[in-house]
Amino acid sequence: MIPPGFLQELLSRVDIVDVIGHHVELKRGGANWMGLCPFHGEKSPSFSVAPAKQFYYCFGCGASGDAIRFLTEHLGLSFVEAVRELAGRAGMAVPEEQVTPEERERRDTLRQRRLSIGEVLDRAAGFYRSQLKTSPQAVAYLKKRGLTGAVAARFGLGYAPPGWKTLAGVFPSYDDPLLEEAGLVRRRDDHESGDGEAAPDAAHADRGRYDWFRQRVMFPIRGTDGQVIGFGGRVLDDSKPKYMNSPETPVFSKGRELYGLFEARQALRDKGFVLVVEGYMDVVALAQWGFGNAVATLGTACTAEHVQKLFRFTDHVVFSFDGDAAGRRAAGRALEASLPHATDLRTVRFLFLPPEHDPDSYVRELGAEAFERAIGEAVPLSRQLQAQAADGCDLAAAEGRSRMLAQARPLWQALPDGALKRQLLAELATQARLEAADLAQLWGTAKAPAAAAARSGPERTGPVRLLRPGALRVAPAGPADVALRLLLQHSDWWDKLAPDDQQLLHELPAPYGEVARWLETQVVEHGPMTWSHLVDAMAEQAWAAQARGWVRAGLGDDQHSFEELQRCISLLWQTLLRQEADAIVSASPGPEELQRYREILAQIAAFKAGRGPTTAH
């Protein structure tokens, strides 16, 4: 948990002009600084940074916040990553949870290793860049692919020369374990080099070591902070393997990283979407043609982590695949990775190119306008889901329609609850020649009326017995909605609630209980957070749209007091107690049950009077 006092001190010690000035060219305009907004395309500066208030605001698109929010929005950092980045600038240590001295030492060692590996990779990137201009063969290859020097420089392209240990002339010690740990050098431990070439014998390798990349055009892979975390290398001819990536290291994992994401940040805002392709050269070539919003997976299928990272930068993702069988299979994996993140405010589409084309060849042969039109005709996620479910099914026969539904069900269930999911249920039902209500019943999704929750009030003298989780029923716009809305807008109030109140909120039915438990986790781990930070953090939760709806519905409400929160929770306690009382009456109560019934009535009366219950049970 990061104490709120630390965050306040941190923001007071960092210079927001300096923080933003590393990413935006700012010029003084009176008391504030002005520049071109990094969050939308513009020609005249409307982005204002106020050092006195430690705050930024864009008069064009409305983007605003403090230094922490700028780093989370502009660089795609998590809240904790942004805090650590600013703390490092300010020379402050971020308070951490209670850990043993051994665990703290382990973390410090890992952090230092990552810094050292980053320095090694940065030095290697500089060497590869310098070698590109000395290789006519590599330069000719890039020109043949239509790349200019400006684009090559923008992506930091380089060249790994032939030879088993050219890096020995770059680093003081070729035996340095960091070179192997950074994925630049490989140890000879078998008869294969790992890239299809025979490993060198001892006479050609320094103590069994040799360079991982040789005679390849080099593509530096950058993290969201712009630091080099790995490399991709492509051969200049048709030898195999065509592409090689850095191995897994403490700073690089293929399943999490995307090539070109750092370079694409501004284009993502200008274009309004990200285009996911399958190769480095596609990314660089598309940038040459004005599609700077392209990124690529690193030789792996698209993962949920890839999708989650993309949605930190944009709400619109377009996947581009070849139209052959392999491309269809890749699209299926991308669909499955995207479904849990496909909320009602996000768009996912699938572009299938003719089998003879990849994005690079398509745009070179048919032009940028044709490619733009193809993107505009990309298949939306809803249709792709239905097409994938219907694959191999004869929809003219009942058996085929049943098979289609069986294949559609796990895909549909992976979607977060919302309008898209409900519409898809109806469309799948129509496709199967069923009523939507019948399909909902078949899949066990017919729900009872929404339930809600929460109580608070004057201090109670004893514990209150709760019904089973989910038993409390509330109207859709009842006290639970208001209580959760107030807590999301004022997360610091969570710690002010009595433990019984917190426990009640935990045990509310979905989505209320889930939101309460999630909010408590955020407060414990990060300290009280503003609504703007919470709305970003909850983006991947299935109930995020409902939570945003609660807050949106209360924008015109001036009831923002802790007493209002207590009133709402008190009403929900009364609802809970009435349900228990009704259960007693309907069960032919004996003397003990009647005594409990009288206690409940007294507690309800106490809540109504604003005193809270006075009888323990």
I'd like to know if E85 and R89 make a salt bridge, using a cut-off of under 4.0 Å between side-chain N and carboxylate O. yes
Please list, chain by chain and in numerical order, all residues satisfying ring-ring contact (aromatic ring centres under 6.0 Å, His included) with F350, sequence neighbours excluded. F319
Are V317 and V307 close enough, and set up right, to give a side chain to side chain contact (heavy atoms under 4.5 Å, CB included), and what steps lead you there? CA-CA 9 Å; V317 177; V307 176; 5.8 Å; no
Could you give the distance from CZ (F321) to CZ (F352), rounded to the nearest 0.5 Å? 7.0 Å
Angle between ring planes, F39 versus H74, binned at 30° and 60°: parallel, tilted or perpendicular? perpendicular
So, do F70 and Y56 have ring centers that fall under 6.0 Å from each other? yes
Nearest heavy-atom approach of A304 to A337 is N-CB, 3.7 Å
If the condition is side chain to side chain donor-acceptor pair (under 3.5 Å), which residues does D358 pass it with, not counting sequence neighbours? S361
Evaluate V318 against V348 for side chain to side chain contact (heavy atoms under 4.5 Å, CB included), listing each step before the verdict. CA-CA 6 Å; V318 178; V348 179; over 6 Å; no
Assess whether a salt bridge exists between R154 and E263, defined as any Lys/Arg side-chain N lying under 4.0 Å from an Asp/Glu carboxylate O. no
Run the salt-bridge test on R328 and D322 with the 4.0 Å N-O cut-off and return the result as yes or no. no
Does the ring centre of Y128 sit less than 6.0 Å away from the ring centre of F231? yes
Pairs meeting criterion side-chain hydrogen bond (donor to acceptor under 3.5 Å, both in side chains) with involvement of residues 377-388, two or more places apart: Q386-E427
Is a donor on one side and an acceptor on the other found under 3.5 Å between the side chain of N293 and the backbone of F273? yes
Is the closest basic N to carboxylate O distance between E248 and K254 below 4.0 Å? no
Could you state the interatomic distance from CG (D66) to OG1 (T72), rounded to the nearest 0.5 Å? 8.0 Å
Specify the closest pair of heavy atoms between A138 and L132, including all atoms of both residues, with the distance to one decimal. CB-CD1, 3.8 Å
Please check: side-chain N/O of R265 versus main-chain N/O of F262, any donor-acceptor pairing under 3.5 Å? yes
Any sub-3.5 Å donor-acceptor pair from W412's side-chain atoms to K421's backbone N or O? yes
Nearest heavy atoms of F252 and P247, plus distance in Å: CD2-O, 3.4 Å
Electrostatic pair E540:R346 at N-O distance under 4.0 angstrom: yes
With A152 via side chain to side chain contact (heavy atoms under 4.5 Å, CB included) - residues at least two apart: L157
Taking every non-hydrogen atom, the tightest pair across G255 and E305: O-CB, 4.0 Å
List the steps and the verdict of side chain to side chain contact (heavy atoms under 4.5 Å, CB included) for L381 and L335. CA-CA 7 Å; L381 177 142; L335 173 68; 3.8 Å; yes
What are the two closest heavy atoms between P359 and L353, and how far apart are they? N-CD1, 3.5 Å
Starting at CD of Q215, measure out to OG of S135 and round the result to the nearest 0.5 Å. 8.0 Å
For side-chain hydrogen bond (donor to acceptor under 3.5 Å, both in side chains), just list the numbers for S338 and H341, CA-CA rounded to whole Å, side-chain angles, deciding distance to a tenth of an Å, and then say yes or no. CA-CA 5 Å; S338 302; H341 308 286; over 6 Å; no
Residue set satisfying side chain to side chain donor-acceptor pair (under 3.5 Å) with H23, at least two apart, ordered chain then number -> none
Just jot down the side chain to side chain donor-acceptor pair (under 3.5 Å) partners of R129, sequence neighbours excluded, or say none. none
Would you say that L298 contacts Y243 through its side chain, given a criterion of any heavy-atom pair below 4.5 Å between the two side chains? no
Are E257 and R222 ion-paired here, with the side-chain N under 4.0 Å from a carboxylate O? no
Which pair of heavy atoms, one from W543 and one from P511, lies closest together, and at what distance? CB-CB, 3.7 Å
Between S491 and L488, is there a donor-acceptor pair closer than 3.5 Å when you use the side chain of the first and the backbone of the second? no
Calculate, to the nearest 0.5 Å, the distance between atoms CZ and CG belonging to R209 and D176 respectively. 8.0 Å
Find the distance between CG (L268) and CZ (F313) and round it off to the nearest 0.5 Å. 7.5 Å
R214 side-chain N/O to A160 backbone N/O, donor-acceptor pair under 3.5 Å: no
Just verifying a value: how many Å separate W164 CH2 and D211 CG, rounded to the nearest 0.5 Å? 9.5 Å
